[in-house]
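Have a look at the structure below before the remarks.
The first residue in the sequence is number 1, and the count goes up from there.
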Amino acid sequence: MKQQQGAALVIVMALLAGALMLGMSGMRSALIDERLAGNYRASIQAQMTAESTSSSLADFQNSERRSEYLSSLFNDDEFASIGDIKSLSGREVEQLLDVDALDDFFKQLFPSNYEELSQEEQTEVRNALMKNFVLEFERLEEDKIAISAKDDGLRRSARGQSRLVYALGGGNTGSPAPFQHPVVGCEGVSSGGGSTISSYRSSEGDWNGQPGSFSENDAPLIRTTSDNANVVLGGNEKIHGGIEALGTVTLHGSSQVFGSILANRTIYLNAGGGRVRGNAESFSDVIFGSSARVDGTVRAMGNVRLNNWAASVGEGIYAGGKIISQRNPASDHIDHTSRANFSQRSDISLNRVEEQPCDTADFAGNSLNEEIARYQETLTSLGDITVGAYPNLEWRFTPEKMERYDQTWNINRWVNHASPELNTLFGEQASIYRINNLALTSSPSLRVSGGDVVIVVDGNFTMGGGGPGLVIDADSSLTVFVAGKTDFGSVLNMPAENSVNSNGKATFSLFSGYTGSDTGVSFSSSNRVVANVYAPYANVSVNSGAGFFGSVKGRSVSVSGSGSIVYDELLAGAFGEPSNGVPGGGGGGGGSGWRLVGWQ
């Protein structure tokens with residue numbers, strides 16, 4: 001006992017000191033981590049606040065207030081130079097949004113004892129918050145205005161910013177609507193198998209099999225837009241409207257055209273028993289190779305050849321060259337009461353079909369493939385999605401989320417699969433999903449509901465199988481951009497939607513950017529299909545044994561089968577300004593409003 005020097009006490013004290021230091025270090029680290037997490041949360045919330053404000057500002061419901069303010073600002077002398085800036089804060093911001101739109105947001109920032117404060121103290125707290133909530137407008141080049149929504153330090157001095165860019169005029173309202181015309185094959189259209197191409201107005205009821213307004217107004221149902229692009233009707237076709245072609249037009253079998261034919265090249269009427277209800281006009285020749293009839297007038301800047309004795313014309317024949325026939329006089333081909341309307345080597349005046357680019361839609365300044373590339377650069381891919389493969393036979397797409405019903409034995413419920421990203425479509429805000437490849441197979445069920453859904457497919461889009469198929473609610477729409485091939489199989493099932501939904505938008509829009517020389521978009525369904533196809537770089541094949549309701553534009557279009565292609569005349573206004581109801585007319589007037597061209 002006398003030799004003990006107190007070493008245990010020293011050791012214990014040293015260990016306690018070390019433990020205390022470790023504890024203090026851990027507490028300090030925990031406090032720092034807590035502050036970092038709090039600051040990160042505050043920064044994320046600040047960015048979300050700015051994004052939510054931009055979303056509210058870009059919302060369609062605010063378009064009138066937004067456009068009025070942008071126009072007044074654009075004409076303000078104090079905002080006339082590039083780089084000029086004007087800021088709004090607090091209640092000034094609400095003037096551009098819904099009434100009291102910021103109230104719910106500010107309630108999240110009030111102190112816990114806010115309700116216990118006096119009226120003056122509550123006002124002071126609210127004004128302090130309002131002061132840091134800012135919309136900043138900047139004048140840019142090319143008649144553009146940038147709007148930056150800022151959460152300027154509402155939470156722990158964290159800042160968030162979202163930027164919109166609006167441009168004056170232009171946009172899709174001044175360019176042709178993508179579904180303005182029923183069938184457009186830029187480099188050619190061919191049809192065979194007894195198909196019917198017609199039109200109707202869904203607002204007046206279902207299609208009854210009879211010609212619509214395109215026939216009544218003698219407007220073209222079929223067009224080509226490239227030099228020397230031809231139209232060939234293989235046999236027994238019924239075209240409930242007219243035809244315009246930059247190349248030749250050829251009728252075989254007993255094809256009937258319930259309108260006029262205008263061609264920059266020769267018109268070949270080889271349809272025995274075929275009939276053109278309107279006129280046949282060519283910048284070259286018109287050749288009757290059979291007993292076809294033209295109810296109206298035949299005009300050719302070249303020759304008119306009536307190679308069949310039974311060929312007939314209702315109202316007259318005029319040629320810049322010769323009128324050649326086995327009959328003498330050749331005017332006997334004309335109905336008896338109109339035989340005086342006969343002249344060769346005469347001065348013929350016709351309106352030439354003008355060449356046009358195939359990709360005419362304006363995606364806020366981009367071409368179709370530029371728009372697809374923009375989406376691929378700015379959106380995150382969700383990978384491949386297969387609808388109909390066990391255990392995920394049923395899927396639901398809405399503007400807010402993508403869900404799948406997982407039939408695994410221990411799950412058996414709807415599961416959230418992904419959320420969309422906010423971007424723009426035709427200059428307007430849109431919720432968009434990006435997918436590698438999208439396939440409907442086996443017995444798929446894909447339901448689109450709750451509004452407008454946009455999908456970007458990097459690879460291929462295939463639809464087939466039986467089951468419920470693709471269902472789009474009456475108040476919803478589906479727009480799909482496809483970089484690869486599109487193949488709609490023979491047993492594709494689509495319930496009886498109209499081409500235009502209850503909100504006046506195209507129900508199902510397919511934009512194909514495929515550029516290969518083979519068929520890029522193929523429909524081979526024996527069931528009813530509703531689709532509006534815009535594929536200016538792709539060859540499109542429609543083999544319908546039932547009914548195809550919508551419109552088709554492709555580099556070339558091939559139609560086969562005994563079914564029908566029926567165009568809803570309301571489609572001309574499905575994008576851009578409302579249609580004036582005239583078939584073949586534009587989709588809207590010149591765009592003088594503000595359109596969204598950028599969102600960061």
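- A donor-acceptor pair shorter than 3.5 Å can be found between the side chains of Arg277 and Gln256.
- In this structure, OG on Ser199 lies 11.5 Å from CD1 on Ile239, to the nearest 0.5 angstrom.
- For the residue pair Asn369 and Thr515, the shortest heavy atom distance occurs at ND2-CG2, 3.7 Å.
- Comment: Glu377 does not engage Arg374 in a salt bridge, judged by the lack of any side-chain N to carboxylate O separation of less than 4.0 angstrom.
- For Asp143, there are no side-chain hydrogen bond (donor to acceptor under 3.5 Å, both in side chains) partners two or more places apart in sequence or in a different chain.
- For the residue pair Ser284 / Thr266, a side-chain donor-acceptor distance below 3.5 Å is found, with atom types taken as modelled.
- Remark: Tyr268 pairs with no residue by the ring pair (Phe, Tyr, Trp, His ring centres under 6.0 Å) rule, at least two apart or across chains.
- Aromatic ring centres of Phe461 and Phe511 lie farther apart than the 6.0 Å criterion allows.
- Under the rule for a ring pair (Phe, Tyr, Trp, His ring centres under 6.0 Å), Tyr318 has no partner lying at least two apart in sequence or in another chain.
- Of the inter-residue distances, the one linking Ile261 atom CD1 with Glu281 atom CD reads 10.5 Å to the nearest 0.5 angstrom.
- Cation-pi geometry between Arg352 and Phe283 is met: under 6.0 angstrom from the ring centre, within 45 degrees of the axis.
- At least one donor-acceptor pair closer than 3.5 Å links the side chain of Asp359 to the backbone N or O of Leu368.
- A cation-pi contact, defined as under 6.0 Å to the ring centre and within 45° of the axis, links Arg139 to Phe74.
- For the residue pair Asn539 / Thr519, no side-chain donor-acceptor distance below 3.5 Å is found, with atom types taken as modelled.
- Looking at residues two or more places apart in sequence or on another chain, you find a side-chain contact (heavy atoms from CB on, under 4.5 Å) between Ser198 and Thr196, Trp207, His240.
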**Message:** Go through it in stages, so that I can follow the logic: the residues are Thr250 and Asn270, the test is side chain to side chain contact (heavy atoms under 4.5 Å, CB included), and I'd like the CA-CA distance, side-chain angles, deciding distance and then a yes or no.
**Reply:** CA-CA 7 Å; Thr250 304; Asn270 298 329; 3.9 Å; yes
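- Within the 3.5 Å criterion, the main-chain N or O of Pro399 finds a donor-acceptor partner in the side chain of Ser431.
- Judged as a side-chain contact (heavy atoms from CB on, under 4.5 Å), and not counting sequence neighbours, the contacts of Asp487 are Thr462, Ser522.
- For Ser477, the side-chain contact (heavy atoms from CB on, under 4.5 Å) partners at least two apart in sequence or on another chain are Asp452, Asn501.
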